[in-house]
Amino acid sequence: MFATLSGVVLVSSIYIYETYFFTFSEINRASIQKGPGPVISPTEEYTANAYYEPYGGAAGGVNVRVEITNNYVKNKSQVVYYSDAKSNFAMKWLNEDTLYIINDEPDFPNSNRSIELEIGKEIYHRNGLACKSLLMKDEYETCYQN
């Protein structure tokens with residue numbers, strides 16, 4: 001009984017930690033590949049870069065992460081988008097604070113992960129982990145998930 005109770009407590013603790021204490025620092029940076037970018041905002045305040053993260057070996061897939069760097073504040077960057085990568089991926093600035101991220105599979109309309117994000121206020125995470133994270137809640141006002 002003690003072993004079962006210990007196992008339940010351990011699994012519950014891991015679940016709570018992974019769900020409510022999520023940060024993007026857990027991304028495996030060793031396997032990151034440079035994606036599209038840099039894409040500089042019209043006022044040159046922000047630079048958007050995309051990075052690809054392969055997972056699962058030969059049968060796996062690729063995640064894409066978009067990181068925004070504030071060019072006016074030293075060492076200030078923020079991940080604003082994280083999802084599975086589709087074949088059609090691009091980024092473009094709509095204005096000085098709004099980035100449009102295109103991430104879709106033209107042959108599969110239900111796989112569209114494209115979104116407009118207002119930098120500093122909005123974030124997208126496919127699984128919603130960034131939306132539930134207590135550590136990240138001060139980094140955005142609105143969080144979107146699939």
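Since this is a predicted model, take the numbers as computed values, not measurements. One is the number of the first residue; the rest follow in order along the sequence.
Below 30°, between 30° and 60°, or above 60°: for Phe89 and Tyr52 the angle between ring planes is above 60°, a perpendicular geometry.
Side chains of Glu105 and Ser87: a donor on one and an acceptor on the other come within 3.5 Å. For the residue pair Asp84/Asn63, the side-chain donor-acceptor check at 3.5 Å is not satisfied. Remark: the Ser114 side chain and the Asn103 side chain contain no N/O donor-acceptor pair separated by less than 3.5 Å.
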Step-by-step side chain to side chain contact (heavy atoms under 4.5 Å, CB included) determination, Arg65 to Tyr81:
CA-CA 6 Å; Arg65 154 177 80 94; Tyr81 183 89; over 6 Å; no
Does the side chain to side chain donor-acceptor pair (under 3.5 Å) test come out yes or no for Lys34 and Asn49, once each step is laid out?
CA-CA 8 Å; Lys34 186 86 168 96; Asn49 284 293; 2.7 Å; yes
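Within the 4.5 Å cutoff, side-chain heavy atoms of Glu53 are placed close to those of Ile32. Looking only at side-chain heavy atoms (C-beta outward), Lys121 and Glu141 come within less than 4.5 Å of each other. Side-chain contact check for Lys86 versus Ser111: some heavy-atom pair is nearer than 4.5 Å. In this structure, the side chains of Arg126 and Tyr124 come closer than 4.5 Å at one or more pairs of heavy atoms. Residues Glu96 and Ser41 have side chains not in contact (no heavy-atom distance under 4.5 Å, counting atoms from C-beta outward). Taking the side chain as every heavy atom from C-beta outward, Arg113 and Ile102 never approach each other to under 4.5 Å. Residues Gln145 and Asn127 are not in side-chain contact: their nearest non-hydrogen atoms beyond the backbone lie 4.5 Å or more apart.
Note that CD of Gln78 and OH of Tyr46 are 9.0 Å apart. Values are rounded to the nearest 0.5 Å. Between the CG atom in Asn70 and the CD1 atom in Ile119 there is a gap of 10.5 Å [rounded to 0.5 Å]. Separating the CD1 atom in Ile123 from the CD1 atom in Ile68 is a distance of 10.5 Å, to the nearest 0.5 Å. Here Asn88 contributes atom CG and Asp104 contributes atom CG; the two are 4.5 Å apart, rounded to the nearest 0.5 Å. To the nearest 0.5 Å, the span separating OG1 on Thr47 from CG on Asn71 amounts to 3.5 Å.
The hydrophobic cluster containing Val66 does not contain Tyr51, counting ILVMFWY residues as joined when their side-chain heavy atoms lie under 4.5 angstrom apart, directly or transitively. The cluster map of Ile, Leu, Val, Met, Phe, Trp and Tyr, joined by side-chain heavy atoms under 4.5 Å apart, puts Tyr140 and Leu117 in different clusters. Under a hydrophobic clustering in which Ile, Leu, Val, Met, Phe, Trp and Tyr are joined whenever their side-chain heavy atoms come within less than 4.5 Å, directly or via other members, Leu99 and Tyr82 fall into different clusters. Side-chain heavy atoms closer than 4.5 Å link hydrophobic residues (I, L, V, M, F, W, Y) into clusters, and following such links, even through other members, never connects Val39 to Val79. One hydrophobic cluster, built from ILVMFWY side chains closer than 4.5 Å, holds both Val64 and Met91.
Across all non-hydrogen atoms, the minimal contact from Val62 to Tyr55 is N-CE2, 3.5 Å.
Panel note: side chain Ser12, backbone Val8; a donor-acceptor pair is recorded below 3.5 Å.
Surrounding OH of Tyr72 are more than 12 heavy atoms belonging to other residues, nucleotides or ligands, all under 6.0 Å away.
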